K.L.:
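The following block contains the structure, expressed as structure tokens.
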Amino acid sequence: MTALLPLLDGILVSAVIVAVYTVTVAAVALTAALARDTRRRRDAREALTILLRRWPGSR
């Protein structure tokens with residue numbers, strides 16, 4: 001069981017990173033959709049494009 005602890009720690013860290021990324025994307029998407037200022041909506045859409053950009057070599 002002690003050999004699995006580093007693996008479980010890595011899985012936990014990965015889950016936290018995914019959760020933070022998901023909340024960030026959701027907040028930016030809401031800002032892009034609901035912001036009153038056109039400039040702020042445009043900036044949020046650009047940030048969303050950057051966050052959702054596909055990595056080279058991925059499908």
Side-chain angles (χ1 to χ4, degrees):
M1 182 66 179
T2 58
L4 290 177
L5 290 178
L7 179 65
L8 294 176
D9 288 342
I11 291 171
L12 180 63
V13 169
S14 297
V16 169
I17 290 170
V18 167
V20 169
Y21 180 77
T22 301
V23 169
T24 302
V25 169
V28 172
L30 279 173
T31 302
L34 302 177
R36 295 180 188 203
D37 185 17
T38 306
R39 185 169 147 210
R40 180 173 270 179
R41 277 196 309 263
R42 189 178 330 116
D43 290 345
R45 283 190 195 113
E46 188 173 326
L48 192 58
T49 302
I50 291 169
L51 286 171
L52 297 178
R53 184 181 304 157
R54 290 191 177 253
W55 295 79
S58 67
R59 291 183 139 188

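The structure displayed is predicted, hence computed values, not measured ones.
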K.L.:
Enumerate donor-acceptor pairs with a distance under 3.5 Å from any side-chain N or O in residues 10-25 to protein atoms, sequence neighbours excluded.
P.N.:
{"residue": "Ser14", "atom": "OG", "partner": "Gly10", "partner atom": "O", "Å": "2.9"}
{"residue": "Tyr21", "atom": "OH", "partner": "Leu51", "partner atom": "O", "Å": "2.3"}
{"residue": "Thr22", "atom": "OG1", "partner": "Val18", "partner atom": "O", "Å": "2.8"}
{"residue": "Thr24", "atom": "OG1", "partner": "Val20", "partner atom": "O", "Å": "2.8"}

K.L.:
Determine, stepwise, if the pair Glu46 / Thr49 fulfils side chain to side chain contact (heavy atoms under 4.5 Å, CB included).
P.N.:
CA-CA 5 Å; Glu46 188 173 326; Thr49 302; 5.5 Å; no
K.L.:
Kindly write out the residues that satisfy side chain to side chain contact (heavy atoms under 4.5 Å, CB included) with Ala47, not counting sequence neighbours, or none if the list is empty.
P.N.:
Val28
K.L.:
Running the 4.5 Å side-chain criterion over Ile, Leu, Val, Met, Phe, Trp and Tyr, what cluster does Leu34 land in, apart from itself?
P.N.:
Leu30
K.L.:
Which residue pairs pass the side chain to side chain donor-acceptor pair (under 3.5 Å) test when at least one of the two sits in residues 27-39, sequence neighbours left out?
P.N.:
Thr38-Arg41
